[in-house]
*Asks:* 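Starting off with a structure, shown below.
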Amino acid sequence: MSANVSAKGIKAATSVVIDGGTITINSADDAINSGGSLAINDGILIISSADDGLHADAALGVNGGQISIAKSYEGIESNSVIVINGGSIYIVSSDDGVNIAGAGGGAGMGGWIGGGGMGGVSTSGSYYLYINAGYMVINAAGDGIDVCGSIVVTGGEILVNGPTENMNGALDCDGSFQVTGGFLVAAGSSGMAEAPGTTSTQCSVLVKLKSTFQARTLFRVQARDGTDVLTFVPTKNYQSVAFSSSALKKGTTYDIYYGGTCTGTLHDGLYQGGTYTGGTKYSSFTITSVVTNVTTTTGGGGGVQR
């Protein structure tokens, strides 16, 4: 075999920009790899990789398109900065779903990444994940989102399933974790479970359950008047749920239920509308600050298999 043969699907030394088309890749190494920047502006990407689905040494941006990573070691990885400004992203990973490794490479990018830009954010000298819009579903055996730096969420919809082992977390952030908008739910193990930080302006709650609930056990948060705030069915066993939404309001009391059924429309584990019945009340909490931690020693047991 020639020494010049690559196991990567698409690679470039400095920049990759994808503006459209349909691309299917089944690779033994990274599906798409850039030694500098990588920008997905539009198109349909169908990816199966034995290593990373998308990788950039410096900055990686998704501004639109449909990305399906059905198999990967790490789904989307950058050494420095990732910016999600739009698009639909599905990730299955045997390690981290989204990873910023903190290995450098951001200097000199000048804030540019593809046609959609960085949303006014400089990429130089820092490790950041920015999620401004878009839709992302992660199924990870390692950390769902792992950032060796800071996370900023201003919009979008993010659903995370996994991990099940306590050595990893659904959300893993070494720096600040700020949420000012959007919708985030992350169900996984409890050993390293994290919630957004206190610099956030949108309220969040981190629920640590007393025992592991089985996959497909419905998890629900509702206001005292029965108004649905979250009805979610994780695809993996879980012992913690981190949740942030504009529906969570200071001064309001919420009830947590598990099990039961919902007649609403189910999409990627999230129910919309319908009637909820047959569940078991687990606990209650009142939001008095931007971050609420719920840890109980009483309440439901190992969940209900649906």
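For clarity, every value in this text was computed on a predicted model and none was experimentally measured.
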*Asks:* Are the aromatic ring centres of Tyr257 and Phe219 under 6.0 angstrom apart?
*Replies:* no

*Asks:* Going from OG on Ser49 to CD1 on Ile25, what distance comes out if it is rounded to the nearest 0.5 angstrom?
*Replies:*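 Reported to 0.5 Å precision, the distance equals 9.0 Å.
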
*Asks:* Should we say atom NZ of Lys8 is surrounded by more than 12 heavy atoms from elsewhere, each under 6.0 Å from it?
*Replies:*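 Count over threshold, so yes.
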
*Asks:* How many angstroms lie between atom OG of Ser94 and atom CG of Asp51, to the nearest 0.5 angstrom?
*Replies:*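 Interatomic distance, Ser94 OG to Asp51 CG, rounded to 0.5 Å: 9.0 Å.
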
*Asks:* Are the side chain of Ser34 and the backbone of Gly36 linked by a donor-acceptor contact shorter than 3.5 Å?
*Replies:*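 Yes, because the side chain of Ser34 sits within donor-acceptor range (under 3.5 Å) of the backbone of Gly36.
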
*Asks:* With a 3.5 Å distance limit and no angle check, can you tell me whether Asp29 reaches the backbone of Ala7 through a side-chain donor-acceptor pair?
*Replies:* no

*Asks:* So if you build clusters from Ile, Leu, Val, Met, Phe, Trp, Tyr with side-chain heavy-atom gaps below 4.5 Å, do Leu230 and Phe285 land together?
*Replies:*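 Yes, Leu230 connects to Phe285 through the hydrophobic network.
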
*Asks:* Assess, by modelled atom type and distance only, whether the side chains of Tyr135 and Asp268 contain a donor and an acceptor separated by less than 3.5 Å.
*Replies:*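 Present: a donor and an acceptor within the cut-off.
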
*Asks:* Kindly compute the distance separating CD1 (Ile138) from OH (Tyr90), expressed to the nearest 0.5 Å.
*Replies:*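 Ile138 atom CD1 to Tyr90 atom OH measures 12.0 Å (nearest 0.5 Å).
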
*Asks:* Residues two or more places apart in sequence or in another chain: which of them pass side chain to side chain donor-acceptor pair (under 3.5 Å) with Ser93?
*Replies:* none

*Asks:* Between the side chain of Glu77 and the main-chain N/O of Ala101, is any donor-acceptor distance below 3.5 Å?
*Replies:*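 Judged by distance alone, no pair lies under 3.5 Å.
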
*Asks:* I'd like to know whether CZ of Phe183 has more than 12 heavy-atom contacts from other residues, nucleotides or ligands below 6.0 angstrom.
*Replies:*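 For Phe183, atom CZ is crowded (more than 12 foreign heavy atoms under 6.0 Å).
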
*Asks:* Taking the side chain as C-beta and beyond, is there a heavy-atom pair between Asp228 and Tyr276 under 4.5 Å?
*Replies:*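 No - every pair of side-chain heavy atoms lies 4.5 Å or more apart.
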
*Asks:* So does Ala58 get a backbone contact from the side chain of Ser78, meaning a donor-acceptor N/O pair under 3.5 Å?
*Replies:*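 Yes; at least one donor-acceptor contact below 3.5 Å.
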
*Asks:* Taking atom CG of Leu270 and atom CD of Glu157, what is their separation to the nearest 0.5 Å?
*Replies:*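 Atom-to-atom, Leu270:CG and Glu157:CD are 6.0 Å apart.
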
*Asks:* Tyr254, Val185: one ILVMFWY side-chain cluster at the under-4.5 Å cut-off?
*Replies:*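 Looking at the clustering, Val185 is in the same group as Tyr254.
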
*Asks:* With a 4.5 Å limit on heavy-atom distance, are the side chains of Thr164 and Thr212 in contact?
*Replies:* no

*Asks:* Should the pair Tyr258 and Tyr282 be assigned to parallel (<30°), tilted (30 to 60°) or perpendicular (>60°) ring geometry?
*Replies:* perpendicular

*Asks:* Test Asp30 against Lys11 for side chain to side chain contact (heavy atoms under 4.5 Å, CB included), laying out the working first.
*Replies:* CA-CA 8 Å; Asp30 298 344; Lys11 69 174 184 176; over 6 Å; no

*Asks:* For a quick test of reading the model, state the closest non-hydrogen atom pair linking Asp19 to Asp42 and the distance between them.
*Replies:*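 Looking at all heavy atoms of both residues, the closest pair is O-CB, 3.1 Å.
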
*Asks:* Give a yes-or-no answer on whether the side chains of Thr180 and Thr201 include a donor-acceptor pair shorter than 3.5 Å.
*Replies:* no

*Asks:* If every non-hydrogen atom of Phe232 is compared with every non-hydrogen atom of Pro234, which pair is closest and at what distance?
*Replies:*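 Smallest heavy-atom distance, with atoms named: O-CD, 3.5 Å.
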
*Asks:* Any side-chain heavy atom of Ser284 within less than 4.5 Å of one from Arg224?
*Replies:* yes

*Asks:* Using the rule given for side chain to side chain contact (heavy atoms under 4.5 Å, CB included), can you reason through Val221 versus Val205, listing the C-alpha separation, both sets of side-chain angles and the distance that settles it, and then say yes or no?
*Replies:* CA-CA 10 Å; Val221 177; Val205 60; 5.5 Å; no

*Asks:* I'd like to know if the side chain of Asn139 pairs up with that of Asn161 as donor and acceptor (distance under 3.5 Å, no hydrogens or angles considered).
*Replies:* no

*Asks:* Are Val241 and Ile287 linked, directly or through intermediate hydrophobic residues, by side-chain heavy-atom contacts shorter than 4.5 Å (ILVMFWY only)?
*Replies:*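 They do share one cluster, since a chain of ILVMFWY contacts under 4.5 Å joins Ile287 to Val241.
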
*Asks:* So which atom in Ser27 and which in Gly9 form the shortest heavy-atom distance, rounded to 0.1 Å?
*Replies:* CB-N, 4.0 Å

*Asks:* Quick one: are Ile91 and Val98 in side-chain contact, heavy atoms under 4.5 Å?
*Replies:*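 In contact.
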
*Asks:* Scan Val153, Asn132, Ile89 and name whichever one has a side-chain contact (heavy atoms from CB on, under 4.5 Å) with Ile84.
*Replies:* Ile89

*Asks:* Honestly curious: do Val207 and Met192 fall in one hydrophobic cluster under the side-chain, below-4.5 Å linking rule?
*Replies:* no

*Asks:* Using modelled atom types and a 3.5 Å cut-off, is there a donor and acceptor pairing between side-chain atoms of Ser88 and backbone atoms of Ile67?
*Replies:* no

*Asks:* Got Leu184 and Ser204 here, is their nearest side-chain heavy-atom distance under 4.5 Å?
*Replies:*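 Not touching, per the 4.5 Å side-chain cut-off.
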
*Asks:* When you compare the side chain of Leu248 with that of Val229, does any pair of heavy atoms fall below 4.5 Å?
*Replies:*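 Counting from C-beta outward, Val229 and Leu248 do come under 4.5 Å.
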
*Asks:* Ile32 vs His55, test: side chain to side chain contact (heavy atoms under 4.5 Å, CB included). Steps then yes/no.
*Replies:* CA-CA 6 Å; Ile32 302 178; His55 176 94; over 6 Å; no

*Asks:* Measure from the side-chain N and O atoms of Asn237 to the backbone N and O of Ala215, and report whether any donor-acceptor pair falls under 3.5 Å.
*Replies:* yes

*Asks:* Do Ser200 side-chain atoms and Val179 backbone N/O form a donor-acceptor pair below 3.5 Å?
*Replies:*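 Yes, the answer is positive, given that a donor and an acceptor are paired below the 3.5 Å cut-off.
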
*Asks:* Tell me the closest heavy-atom pair linking Ser189 and Asn168, and the distance in Å.
*Replies:* OG-O, 2.9 Å

*Asks:* Test your reading of the model: is there a side-chain donor-acceptor pair from Ser283 to the backbone of Ile256, 3.5 Å cut-off?
*Replies:*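 No; judged by distance alone, with no hydrogens or angles, the pair does not exist.
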
*Asks:* Could you go through Leu218 and Thr231, starting from their C-alpha distance and side-chain angles, then the distance that decides it, and tell me whether this counts as side chain to side chain contact (heavy atoms under 4.5 Å, CB included)?
*Replies:* CA-CA 7 Å; Leu218 189 150; Thr231 305; 3.8 Å; yes

*Asks:* Could you tell me which non-hydrogen atom of Gly169 sits nearest to which non-hydrogen atom of Pro163, and how far apart they are?
*Replies:*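 Taking every non-hydrogen atom into account, C-CD, 3.3 Å.
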
*Asks:* Side-chain heavy atoms nearer than 4.5 Å, only ILVMFWY residues, links allowed to pass through others: does that put Ile10 and Leu60 together?
*Replies:*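 Cluster IDs for Ile10 and Leu60 match.
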
*Asks:* Can you name the closest pair of heavy atoms from Gly273 and Cys262 and give their distance?
*Replies:*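 Reported closest heavy-atom pair: O-SG, 3.5 Å.
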
*Asks:* Does some side-chain heavy atom of Leu129 sit less than 4.5 Å from a side-chain heavy atom of Ile82?
*Replies:* yes

*Asks:* Quick one: CZ on Arg220 to CG on Asp255, what's the gap to the nearest 0.5 Å?
*Replies:*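 So the CZ of Arg220 and the CG of Asp255 are separated by 10.0 Å.
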
*Asks:* Using a 4.5 Å cut-off on heavy atoms from C-beta on, say whether the side chain of Leu209 contacts that of Tyr238.
*Replies:* yes

*Asks:* In Å and rounded to the nearest 0.5 Å, what is the CG to CD distance from Asp95 to Glu74?
*Replies:*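 Answer for the CG-CD pair, Asp95 versus Glu74, is 4.5 Å.
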
